[in-house]
Amino acid sequence: MVGPRSLTARVLLLATLWSGLALVVIALVISALYRQSAERAFTDLLRAQLYNVINSVSIGENNSLVGNPQLGDLRYSQPETGWYWIIEPLGTFAAAPLSSSSLGVSKIAVPSILNVPFNNRYERFYPLTDAFGNNVLVAETEVVLDSEGRAARFRVAGNLDAMEEDIRAFDRSLYVALVIFGVGSLIVNGGAILFGLRPLDRARRALGKIRQGEAERLEGDFPREIMPLVNEVNALIESNRRIVDRARMQVGNLAHSLKTPLAVLINEARTLEPAHQDLVRSQAEAMQAQVQSYLNRARIAAQRESVLVRSDVEPVLERLIRVMRRLNPDKDFNLQVEPGAVLAMEQQDVEETVGNLLENAARFCRTGVWLSAVATAEAPTGETGDGARRTWLEIAVEDDGPGLDPGQADEAMKRGRRLDESRPGAGLGLSIVREIAGEYQGGFRLVRGIRGGLRAVLVLPSVSRDVA
């Protein structure tokens, strides 16, 4: 997926911005260089035409200027074109001036030498607007024509609009070419970037398979630059697995070491007087349940963040239903589970939570128990839910017994509280269910079901099939 936080999008955006900026700068530089070249060529053309005119004119009989410059350009003979040549006598030389037919009877002003001085070649160039509104550039020099010192001013004017039109035509062609080149470059760069980043996308998909429980490590052929990251991730997964196994082993050892002393206490309680027997046995059973509860919490905390914790829901619930049917042949147990549902929990914790709820429901129901597991978009609320996971599974256990009022439901989930003292138990079942659900950032609540009995609802984290 390409989005604002995507590495591909960032690289493409930076490449696009850099390419666009570079092409704009290149266009401006090339256009400026071409303008300089065109202006220099225009000036050189006028200088060459100026000296052609000089070479074509002399002083004839009757002290007059004679000559007919042929510059090879029809614009000097067409009127009002902005291309002119003019020869004007200077000083005491009183000959009639000569000019191209394109100028007609119009005149071109001569600026002061103070404003436009001659260069070291005794030339000067200046722009002005002629009588017809053309912007022209004038090349001027003064030449002594004979040994008697008679001189004339020679001027050649060229239309600057022609040069500007040529520059604009070049700029249009340049911009079109650069746009085509830029679009082509972006397509090629985009393809190269997408191709170059494909290994990262493969790594993302491989991580998604690990989160879905379809793989236990990153597998695949990755480039040399990514292999250190792949190796570190695999090492982290392996280290996490070892930590979980070690924690599970230590918890099992502790549970085993406490199991025998507590069993001895319970058995020895039978030899006591009846008044003390019930007290010692009930307290020992409570100790046993509480030790198991805290051991479960320690085990869950050790493996909760592992990405490898997965449990298929359907076989676990079917096995629990079969056990309950054998233990309660007079009760009806119904199961409805969403196919392919997977919980992000240890199987042992799923069995303990749902098993506790099934035992309570079987104890208080009249005819049957209904167990369902369906996906839900509603995240758990309250102190046990963080709402941060993408997918959730709702597991509901409902019976047709007497049910509980809202106040009784809150009381029933408190540790060690029993609403029915006539039935055996330590009063820890529902509190344990609530604690285990909370350790997995899930939720647990008791409500009245549609059959009039109690409906115990667990909202637990499941595995999303759309891992992004």
Side-chain angles (χ1 to χ4, degrees), residues 1-23 182 184-252 297-312 340-349 379 386-392 439-442 460-468:
M1 179 182 294
V2 178
R5 301 186 64 182
S6 168
L7 181 61
T8 302
R10 293 179 183 179
V11 175
L12 287 175
L13 179 60
L14 289 177
T16 301
L17 292 177
W18 168 247
S19 298
L21 179 62
L23 289 177
S185 297
L186 289 178
I187 294 175
V188 173
N189 289 339
I193 291 171
L194 292 175
F195 179 77
L197 294 178
R198 283 180 61 187
L200 290 179
D201 190 58
R202 291 204 308 271
R204 180 186 63 82
R205 291 197 298 267
L207 284 172
K209 290 183 179 180
I210 294 176
R211 291 182 60 190
Q212 294 173 3
E214 299 175 4
E216 295 186 354
R217 56 186 289 114
L218 288 177
E219 302 289 350
D221 184 18
F222 296 97
R224 180 176 55 190
E225 294 80 3
I226 301 179
M227 279 306 298
L229 174 63
V230 173
N231 293 335
E232 288 298 324
V233 171
N234 286 334
L236 179 62
I237 292 174
E238 184 61 31
S239 175
N240 188 45
R241 183 184 294 109
R242 288 197 299 268
I243 292 173
V244 170
D245 291 341
R246 185 163 57 251
R248 186 179 294 126
M249 180 183 66
Q250 292 173 352
V251 168
R297 293 181 63 179
R299 175 179 50 78
I300 293 171
Q303 54 78 42
R304 180 177 56 196
E305 301 301 329
S306 173
V307 297
L308 302 177
V309 178
R310 300 290 182 264
S311 296
D312 291 328
V342 179
L343 281 173
M345 294 177 62
E346 281 277 5
Q347 179 177 318
Q348 178 180 343
D349 297 321
D386 63 358
R389 295 183 182 271
R390 293 187 178 182
T391 58
W392 301 88
E439 290 294 334
Y440 284 101
Q441 287 80 50
L460 301 172
S462 66
V463 176
S464 171
R465 293 302 180 185
D466 181 20
V467 179

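- Residues Leu194 and Arg198 form no side-chain contact, since every pair of their non-hydrogen atoms from C-beta on lies 4.5 Å or further apart.
- The distance from atom CD1 of Ile193 to atom OG1 of Thr16, rounded to the nearest 0.5 Å, is 7.5 Å.
- Panel note: side chain Ser311, backbone Leu343; no donor-acceptor pair is recorded below 3.5 Å.
- The shortest non-hydrogen separation linking Trp392 to Ser462 is N-OG, 3.5 Å.
- Annotation for Gly190 and Leu12: closest pair CA-CD2, 3.5 Å, computed over non-hydrogen atoms.
- Rounding to the nearest 0.5 Å gives a distance of 12.5 Å between CG of Asn234 and OG of Ser239.
- Atoms CG and CG, on Leu236 and Leu229 in that order, are 10.5 Å from each other to the nearest 0.5 Å.
- Here CG of Leu23 is found 7.5 Å from CG of Leu186. Values are rounded to the nearest 0.5 Å.
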